2 protein chains.
Amino acid sequence: MPEHEAEPRSRRRDSAATRAALLDAAAELFGERGFDRTTVRDIAGRAGVNQALLFRYFGSKDALFAAAMARRGRELLDDSPAEQLLGRVLRQMLDNESLKLIDHPMYAVLRSSGHDHAATAIRQELGEEYASALAALTDAEDARVRADLVLAWLLGIALLRSVHGKEPLASAKPDDVAGHVLRAVRVLLERADTELPPAE
Amino acid sequence: MPEHEAEPRSRRRDSAATRAALLDAAAELFGERGFDRTTVRDIAGRAGVNQALLFRYFGSKDALFAAAMARRGRELLDDSPAEQLLGRVLRQMLDNESLKLIDHPMYAVLRSSGHDHAATAIRQELGEEYASALAALTDAEDARVRADLVLAWLLGIALLRSVHGKEPLASAKPDDVAGHVLRAVRVLLERADTELPPAE
DNA sequence: CTGCGATGTAAGCGCGTGCTTACATAATTC
DNA sequence: GAATTATGTAAGCACGCGCTTACATCGCAG
């Protein structure tokens with residue numbers, strides 16, 4: 001039974017659905033293979049859509065990449081209070097049976113390093129948002145540098161574990177990994193000259 | 001005045017020099033642009049060599065990539081005792097006026113995380129070697145997992161700072177960054193079953 | 001019903017890619 | 001010096017890429 005929302009008009013020709021299908025397929029494929037190794041024909045194929053429509057609706061492969069990144073970038077951020085952000089992101093990265101989150105823009109970014117305008121802008125934006133949230137966790141003067149270091153660690157772990165499948169990290173128990181990281185990060189975020197408050 | 005080594009034979013036709021020029025150019029370009037966005041014509045052009053020779057001497061673009069990675073990947077590893085390895089890698093990554101080390105394989109790997117070249121094998125080898133060296137720094141049971149986490153951090157920092165130029169990390173003072181990282185890593189590599197100093 | 005814009009489709013264009021081939025010339029061997 | 005091999009060169013082949021074009025079909029307003 002098809003959904004019946006505020007649009008009683010026919011479903012057979014539905015540009016919104018076509019756009020959405022293209023964005024979904026693009027997010028998946030860019031995450032799996034990176035920008036350069038993903039073809040517009042691949043995307044249209046997985047979306048079940050004629051590839052000419054990709055250009056009609058998005059203009060170019062670049063623009064589609066940017067649109068796909070923008071759509072899903074903020075998910076983890078939105079509903080996480082700052083203190084839990086790091087833990088939640090770690091859990092998401094580590095917990096999944098290695099597939100649940102593969103279409104998150106982080107993986108597309110990791111596999112597309114080298115790409116310009118669109119990707120760069122998005123990476124900056126995404127980075128700024130996560131870094132800002134992380135910076136709120138410390139009151140040190142160079143909070144944002146430290147936050148960048150945390151972000152770098154998260155990206156590096158995702159890269160080594162999920163993209164490159166490095167062992168033993170890839171098979172390590174999520175709780176162990178998270179424990180190590182959180183313990184070290186707690187030290188990282190301490191003010192150099194004060195005692196730290198009770199963790200978490 | 002050309003160099004005169006153990007090879008008094010002519011310089012005008014010198015396959016060894018041609019190979020070396022190709023490897024140098026390849027290391028630079030792969031580091032700057034990644035695998036997919038580097039052309040065999042680019043490489044031959046920068047090396048000042050006919051591109052057909054690239055295939056005569058290395059067989060394929062994949063194989064050239066692997067050869068270039070293998071040649072320079074072990075430099076830091078070979079002449080650094082384990083205790084100094086982390087510090088040296090950090091210094092090299094952070095110190096350079098952002099260009100000195102761009103042809104190190106690490107950057108080629110970071111910009112080429114797409115997939116499945118022949119270079120996968122050599123990349124894994126190098127990863128193992130660095131991880132092993134780092135694992136020697138702790139006697140914890142899960143030393144290798146912790147070492148992977150350190151390696152992940154190094155990769156993430158290089159990615160965020162040098163590949164993407166994320167601020168404020170990219171402009172942070174090397175000593176500050178190194179200090180933060182070393183302090184946190186010291187905690188990471190401590191044995192989990194020993195008591196921690198007053199913190200927590 | 002008619003006309004028209006929105007949506008979907010098939011075919012293909014131009015170009016850059018990795019790689020190969022056919023050949024020229026320098027170096028070496030006899 | 002002739003024959004042979006090592007090294008360098010120019011041209012181009014086959015293919016996949018991003019993107020475009022020309023057209024069919026649908027939904028709907030009049």
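Just so we're clear, the structure is a prediction, and the values are computed from it rather than from any experiment. Chain A is the first sequence line, chain B the second, and so forth, proteins listed ahead of strands; every chain is numbered from 1.
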Does B:Ser15 put a side-chain nitrogen or oxygen below 4.0 Å from OP1 or OP2 of D:dA6?
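Checking B:Ser15 against D:dA6: no side-chain N or O falls below 4.0 Å of OP1 or OP2.
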Shortest non-hydrogen contact from B:Ala82 toward B:Ala133:
CB-O, 3.9 Å
Exercise: identify the closest heavy-atom pair between A:Ala172 and A:Arg161:
O-NH1, 3.5 Å
Write down the distance between [atom1] ([X]) and [atom2] ([N]), rounded to a whole number of angstrom.
X       : N      : atom1 : atom2 : result
A:Asp36 : C:dG16 : CG    : P     : 16 Å
A:Asp14 : C:dA6  : CG    : C1'   : 12 Å
B:Leu64 : C:dG18 : CG    : P     : 11 Å
B:Leu53 : C:dC23 : CG    : P     : 18 Å
B:Phe65 : C:dG18 : CZ    : P     : 13 Å
B:Arg33 : C:dG16 : CZ    : C1'   : 14 Å
A:Leu22 : D:dC19 : CG    : P     : 14 Å

Please list, chain by chain and in numerical order, all residues satisfying side-chain contact (heavy atoms from CB on, under 4.5 Å) with B:Ala70, sequence neighbours excluded.
B:Ile122
By salt bridge (charged side-chain N to carboxylate O under 4.0 Å, His left out), which residues pair with B:Glu28, not counting sequence neighbours?
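For B:Glu28, the residues satisfying salt bridge (charged side-chain N to carboxylate O under 4.0 Å, His left out) (neighbours in sequence not counted) are B:Arg46.
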If the plane angle is over 60° it's perpendicular, under 30° parallel, otherwise tilted; pick one for B:Phe30 and B:Phe35.
parallel
First of A:Thr38 and B:Gly48 reached from the 5' end of DNA chain D, by closest nucleotide
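Its nearest nucleotide lies further toward 5', so the answer is B:Gly48.
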Do NZ/NE/NH1/NH2 and the carboxylate oxygens of A:Glu190 and A:Arg146 come within less than 4.0 Å?
no
Does A:Phe58 reach a base, just sugar-phosphate, or nothing at all? Heavy atoms under 4.0 Å.
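The residue A:Phe58 makes no contact with any strand.
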With 3.5 Å as the limit, what N/O pairs link the protein to nucleotides 19-22 of chain C?
{"unit_1": "C:dC19", "atom_1": "OP2", "unit_2": "B:Lys61", "atom_2": "N", "d": "2.8"}
{"unit_1": "C:dC19", "atom_1": "N4", "unit_2": "B:Arg41", "atom_2": "NH2", "d": "3.4"}
{"unit_1": "C:dC19", "atom_1": "N4", "unit_2": "B:Gln51", "atom_2": "OE1", "d": "3.2"}
{"unit_1": "C:dC19", "atom_1": "N4", "unit_2": "B:Gln51", "atom_2": "NE2", "d": "2.7"}

